[in-house]
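In what follows, a single structure is set out as structure tokens and then discussed.
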Amino acid sequence: MSHSHKLVIKRSSMSRPPPPPPTTNKDQQHQNPSLQEINIKLIQSGEKERLKELLRERLLECGWIDEMKALCRAFTRKKGRNNVTVDDLVHVISPKGRASVPNSVKAELLQRIRAFLASTAD
Amino acid sequence: MSGPNEDNNTQLSSHIFGDLLDSIIVDVASECHRIAKLGLDRNLEEEEEEMRLSAQARARVADPSNSSETNTKYVVDIFGQTHPSVATEIFECMNCGRSIAAGRFAPHLEKCMGKGRKARLKVTRSSTAAQNRYSRGSPVSTYSPYSNSTSTNRLSNGTPSVAGEEYSNGTYEEPWNKT
């Protein structure tokens, strides 16, 4: 009924380290801060979304996405439909996926990204 | 741009590309997970089987060793039927009344009606220039080997000269018209 007005020292909150910057990418804590700025510019200008859609379209055209889906299906068949997690599938696809992007696709995206960086350089 | 700046840019670009790729990988994984959990991939297995079969069929068609064995004349269509390369149904030519195979009908008509025109033209234009011109290469018919000097002789007796048997090997035989 009555709130205690005693001063309560929450030691835990004092000793907690400052929260990390609001990104999901762990690397960004070790990278130069300009990556964060670039990222913000990418997102705010809408370029990140456009780049992602372009990449997705190219990967679709060359059959990369179909290959990845086939890998997922094969894994799901082995492991059983109800035992599969998204994390599982990410780990199944990631190594093969990153290695099998066609060079032309990668080059095209890198070129666009570099162009964006150049356009935002001060 | 100075050197180190460019390297930095390259590294940044690669990193950003990696980000994008990871993001797409997660999307694909998430979608596959959803399909698996909802059991929507029941139909996909059948589609996969069909795709494999069609790829096999395509490979068989594209295979050069195949077409040399199975004579091009006997290509099998999707119903398993074979068709001879020259259509064999017989029709009656409305111009000359002859029985002609369907596959030979068009060239027959060219000569049948073309020669008829030639005969008509020969009567109206009796100049040798016209004769020579049509005897060398008829503008009507594309088969110029057939128009040689002997054909004009045959035309002169008024009978319509019609194509003989094997036009494809270049000979011009007329088993019917014995001059």
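Worth knowing before you read on, the calculation uses all heavy atoms, side chains too, and leaves out hydrogens, waters and symmetry mates. Protein chains get the first letters and strands the later ones, always in sequence-line order, with residue 1 at the start of each. Note that the coordinates shown come from a computational prediction; the quantities given were computed from them, not determined experimentally.
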query: Can you tell which of B:Val28, B:Asp27, B:Leu20 makes a side chain to side chain contact (heavy atoms under 4.5 Å, CB included) with A:Arg56?
result: B:Asp27

Counting only heavy atoms closer than 4.5 Å, note whether [X] contacts chain B via side chain, backbone, both or neither.
| X | answer |
| --- | --- |
| A:Arg98 | both |
| A:Leu42 | side chain |
| A:Val92 | neither |
| A:Thr76 | side chain |
| A:Asn83 | backbone |

So do [Y] and [X] actually touch side chain to side chain, heavy atoms under 4.5 Å?
| X | Y | answer |
| --- | --- | --- |
| B:Phe17 | A:Leu55 | yes |
| A:Lys52 | B:Ile24 | yes |
| B:Ile16 | A:Phe116 | no |
| A:Asn39 | B:Asp19 | yes |
| B:Leu21 | A:Lys106 | no |

message: Which residues pass the side-chain contact (heavy atoms from CB on, under 4.5 Å) test with A:Ile40, not counting sequence neighbours?
response: A:Gln44

field: Minimum-distance pair of heavy atoms, taken over all atoms of B:Ser13 and A:Leu117
entry: OG-CD1, 3.5 Å

